[in-house]
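The structure appears right after this line, and notes come after that.
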Amino acid sequence: MEGSLLEPILYSVKAIAILDSDGNRILAKYYDKNVFPTPKEQRTFEKNLFNKTHRANAEIIMLDGLTCVYKSNVDLFFYVMGSSNENELILMSVLNCLYDSVSQILRKNVEKRAVLESLDIVMLAMDEICDGGIIIDADSSSVVSRVALRNDDIPIGEQTVAQVFQSAKEQLKWSLLK
Amino acid sequence: MSGFKRDKKEEEDGGGNPFQNIEKTIVLQEARIFNETSVNPRKCTPILTKLLYMLNQGEQLSAKEATDVFFAMTKLFQSKDVILRRLVYLGIKELSSIADDVIIVTSSLTKDMTGKEDLYRAAAIRALCSITDATMLQAIERYMKQAIVDRNPAVSSAALVSSLHMTKIAPEVVKRWVNEAQEAVNSDNIMVQFHALGLLYHIRKSDRLAVTKLVARLTRTMSSKSPYAVCMLIRIAAKLIEEEGADSNSPYFDYIEACFRHKSEMVVYEAAYAVVNLNRTTNRELAQAISVLQLFCGSPKPTLRFAAVRTLNQVAISHPAAVTACNLDLENLITDSNRSIATLAITTLLKTGAESSVDRLMKQIATFVSEISDEFKVVVVQAIRALALKFPRKHSVLMNFLSAMLRDEGGLEYKASIADTIITIIEDNPEAKETGLAHLCEFIEDCEHVSLAVRILHLLGKEGPKTKQPSRYIRFIYNRVILECPSIRAAAVSAMAQFGASCPDLLENIQVLLARCQMDSDDEVRDRATYYSSILNRQDKSLYNNYILETLQVSVPALERTLKEYTNSNTEQPFDIKTIPVSVVSKPDDHEVKQKTEGMLISSGPAKITPSREENFATKLNSLPGIQILGPLFRSSEIVELTESETEYVVRCVKHCYTHHMVLQFDCLNTLNDQLLENVRVQLDTSEGYEIISDIPCPKLPYNETGTAYVIVKFPDGDLPNSIATFGAVLKFVVKDCDPATGLPDIDEGYDDEYMLEDLEITLGDQIQKVSRANWGSAWEEAESTFYEMEDTYSLSSMNTLEEAVINIIKFLGLQPAERSDKVPKGKTTHTLLLAGIFRGGIDILVRAKLALADGVTMQLTVRSTDESIAELITSVVG
């Protein structure tokens with residue numbers, strides 16, 4: 001049993017990925033330089049992972065020496081990977097946070113098209129959840145509050161007159177230019 | 001028309017994906033818009049998003065491209081748009097490792113980090129730390145310290161996490177922030193607490209006392225609100241228990257136990273995991289942890305069930321009895337919809353199961369084995385293998401089960417693992433041999449995997465002749481000759497020849513069959529058939545032994561290399577196979593075996609072909625001056641430690657044996673960071689007869705690096721008994737004091753110093769290469785007339801069991817046991833150990849040791865060798 005005690009380090013997440021219904025990468029981030037260092041290896045792993053998970057809705061799988069927890073909705077698959085000795089519940093909490101954050105950002109409309117439309121915000125959210133393998137925050141509402149929703153997402157009543165005017169002007173200009 | 005169709009298809013596929021078909025050149029072109037004087041966030045945001053998306057997809061930028069786009073991006077700092085600014089931070093982080101001169105944005109980021117806008121500050125810190133190097137860190141140190149204790153939790157967390165990243169490049173600087181981290185640990189925010197604890201532990205981890213204090217304080221004061229921080233604390237406490245060897249009364253244990261009652265499942269699991277993995281867990285704590293895991297087994301959440309079963313599976317290896325309490329729960333999990341969980345449950349059950357429950361378990365597995373994927377089946381097969389080794393009496397049930405699995409559909413890996421298991425069972429359990437071979441015969445009748453069929457045919461050729469009724473296997477083998485592809489036919493021919501050589505009464509029939517094979521359409525098959533049939537025609541025992549029953553003894557990569565060299569050189573001399581080093585008998589890798597039996601679902605990539613250890617040494621040694629004339633490397637010994645492991649200098653020795661010489665390789669490690677060693681050499685005090693040929697020192701040995709010095713000695717001429725000797729050894733070197741930080745010496749002049757090493761022994765085993773004889777018995781018989789024989793009787797009074805004696809004899813003589821005679825059957829008082837090897841210079845040795853147990857072990861040793869003096873040497877050194 002030598003060495004199976006967990007090292008007290010904060011680097012618990014090896015990778016996070018969001019794939020579409022064909023197993024293609026929408027966003028993915030690998031945090032450990034020793035785990036799939038090249039894009040090619042990463043792709044192969046993702047394909048393999050997708051093939052093993054897209055049919056069975058089983059939440060957790062061990063693959064290539066990693067524990068992968070996952071969750072899917074409509075045409076999206078969310079994955080969080082950690083070492084095979086990592087506390088699975090910690091990984092699960094990260095996955096839940098990722099999913100809930102995306103869900104709140106997209107107003108419960110969790111599908112590929114919506115993610116691509118708000119890709120910038122989703123990227124920011126991923127960055128707020130995990131930095132270099134360390135969990136920064138696992139509370140979705142706090143993550144969402146930090147990624148600063150878009151200006152034009154603020155209900156019109158809360159915008160100042162100047163802002164409304166500005167955006168109207170902007171839009172008019174763009175429609176004329178088209 | 002077709003164009004229209006494609007458009008439609010694309011529309012369906014992409015769903016209007018704005019990021020489809022983006023190209024690097026176009027995106028980089030578009031990014032030029034960042035350089036415009038007034039920044040338009042509406043235009044820039046999508047372009048920057050596209051750029052980040054492209055990088056995330058794995059697109060590689062050259063340093064030039066990256067630098068250009070990085071500088072363009074810095075222009076976006078003019079904009080006040082929050083999202084754009086945050087995306088710029090992301091971009092900085094992505095490009096920091098590729099682009100040049102990234103420190104240009106330091107001031108902008110420092111401004112954001114200390115500014116008023118909270119949405120910028122945290123992210124700015126993290127971006128800043130990604131572009132900072134060790135020297136720049138000093139400049140922002142003040143801001144970092146402030147940020148760590150900032151009231152805004154996001155800022156504090158970001159600073160702590162970044163500090164932890166920075167410890168990799170500037171540990172000394174980050175160490176100075178320990179007071180700030182200390183303050184942050186007391187924060188109310190759960191994440192800040194977690195990050196601060198991580199940083200604090202990282203800074204302090206080499207200082208055991210400080211860690212003890214930290215844990216003692218935090219276990220009392222830290223609120224249990226933050227599950228992550230508590231998990232971290234449990235890990236630290238567990239590590240302390242392990243390091244200090246604390247017993248179950250220690251406060252750390254109390255803390256971990258208290259965590260069993262924590263409200264977060266994450267913490268409860270972490271505590272249970274820590275307890276079961278501690279070496280010093282007592283039964284009471286273990287029982288508590290197991291009951292927690294048992295509870296999790298019934299959870300509706302798959303992850304929790306998975307975690308519990310995975311941990312129980314680990315426990316089953318070390319404390320199988322403790323897990324039996326959960327057997328009922330585990331049996332319920334066999335039908336779990338998550339196949340990972342189900343498989344782990346079965347393998348756990350197989351590990352803990354008693355002999356009486358084997359039949360029931362096998363029945364249960366049989367019900368669902370067809371539903372699971374190959375990968376899991378392999379795990380199940382491995383568990384069955386472990387079970388078969390544990391309960392040899394159950395072999396018939398298990399064997400039947402395995403053969404049923406063999407008949408099912410399945411891929412090569414799966415089939416190979418079943419065949420492997422059957423072969424292991426056959427080798428381990430003589431009773432199972434006949435049934436096992438019968439199952440395998442049946443399997444090759446209908447086997448679509450060529451490599452597997454070849455292996456089984458080889459096994460049949462090896463084991464078949466020794467069974468009671470060898471003739472029954474010949475039909476199976478000959479059937480292959482009629483029905484299969486060339487490589488299988490060739491293997492079948494070889495297998496038949498083995499029968500012909502070992503069973504005289506079958507020889508005639510075999511000759512007829514081989515004659516038929518000589519009409520084969522394939523060259524290889526015809527060649528083999530002709531070759532074997534002409535050897536069998538000679539009716540000469542020694543030819544049989546050397547060319548049919550024995551396999552090639554030389555190392556194949558070396559043979560390949562030497563043959564290539566031979567064909568390239570224009571020499572008249574015939575090729576001499578004796579010049580090739582004998583292959584090393586590979587030991588089964590204990591570690592690998594252990595890994596496999598753990599039943600973890602780790603599918604690893606294809607095994608890389610690594611050159612053997614000997615090959616590696618040979619290439620390394622060949623680069624030394626004056627070594628080529630010594631001839632080929634004969635054997636390299638195991639590593640011998642010549643110092644204690646924690647001294648100032650660590651020296652290890654590997655003894656490389658050549659025909660008349662010995663090359664001693666000394667790997668030295670300097671563990672003093674304020675010393676630079678030069679001209680490091682080992683002075684040997686050789687014993688009589690030995691001659692030091694040359695001495696190759698290691699010119700320079702900086703701190704924490706391993707350097708190698710060599711000494712070449714010549715064995716005593718014609719004086720074998722003296723080749724077993726003990727040398728005194730002293731490490732000599734020139735010391736230069738140096739600055740620990742830079743490693744540069746303070747002064748040019750060093751002083752001579754020396755360091756006593758432990759004595760180095762040259763043993764008999766160092767001069768003997770192990771050789772595995774497939775057919776030891778016939779080699780022994782043949783040697784009776786041609787070899788010199790010596791015999792002696794010894795009393796080994798220090799040994800108490802036959803096993804112990806066998807292990808020690810093998811170790812002492814350095815010979816390879818043959819025909820599995822190294823395994824002593826239980827309950828016997830006599831045993832015969834059969835050994836084989838080659839002495840340097842290519843002299844064959846065969847040794848038979850008859851052991852009897854009675855107040856210590858009595859041994860009758862018979863040595864047969866082609867050289868009389870070597871036989872004498874072996875009998876004389878024992879005793």
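All chains are named by letter (A, B, ...) in the order of the sequence lines, taking the proteins before the strands, and each is independently numbered beginning at 1.
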Chain A contact via Y89(B) - which portion, at a heavy-atom distance below 4.5 Å: neither

Shortest non-hydrogen separation from P39(A) to G58(B) and the atoms involved: CG-O, 3.8 Å

Donor-acceptor pair, side chain of E88(A) and main chain of A307(B), under 3.5 angstrom: no

Proximal component of M123(A), with respect to chain B [non-hydrogen, under 4.5 Å]: both

Crowding at NZ, K40(A) (>12 non-hydrogen neighbours, <6.0 Å): no

Note, D137(A) side chain near S157(B) side chain (heavy atom, < 4.5 Å): no

Stepwise side-chain contact (heavy atoms from CB on, under 4.5 Å) test for F306(B) and V69(A): CA-CA 11 Å; F306(B) 179 89; V69(A) 288; over 6 Å; no

Distance-minimising heavy-atom pair for R235(B) and I90(A): NH2-CD1, 3.8 Å

Heavy-atom closest contact (I26(A) atom, Q57(B) atom, distance): O-NE2, 3.3 Å

R310(B) (side chain) donor-acceptor with S84(A) (main chain) under 3.5 angstrom: yes

Short side-chain to backbone donor-acceptor contact, H195(B) and I134(A), under 3.5 Å: no

Contacting region of I9(A) [heavy-atom separation from chain B under 4.5 Å]: backbone

Proximity breakdown for E111(A) and chain B, heavy-atom pairs closer than 4.5 Å: neither

Contact class of L27(A) relative to chain B, heavy atoms under 4.5 angstrom: both

Closest non-hydrogen atom pair between P8(A) and I236(B), with its separation: CB-CG1, 3.5 Å

Expected output: side-chain E265(B) to main-chain L89(A) donor-acceptor under 3.5 Å: no

Within 6.0 angstrom of K71(A) NZ, more than 12 heavy atoms from elsewhere: yes

Over all atoms of both residues, closest heavy-atom pair of H165(B) and Y11(A): ND1-OH, 3.0 Å

Side-chain donor or acceptor of R25(A) paired with backbone N/O of N56(B) under 3.5 Å: yes

Sidechain-backbone polar pair: N338(B) side chain, E59(A) backbone, donor-acceptor under 3.5 Å: no

Nearest atoms (heavy-atom pairs only) where S340(B) meets M62(A): OG-N, 4.4 Å

Under 4.5 Å from a heavy atom of chain A, the part of Q60(B) involved: side chain

Residues D127(A), K93(B); criterion side-chain contact (heavy atoms from CB on, under 4.5 Å); working and verdict: CA-CA 10 Å; D127(A) 180 60; K93(B) 283 205 275 189; 2.7 Å; yes

Polar side chain donor-acceptor pair, S93(A) to Y228(B), under 3.5 angstrom: yes

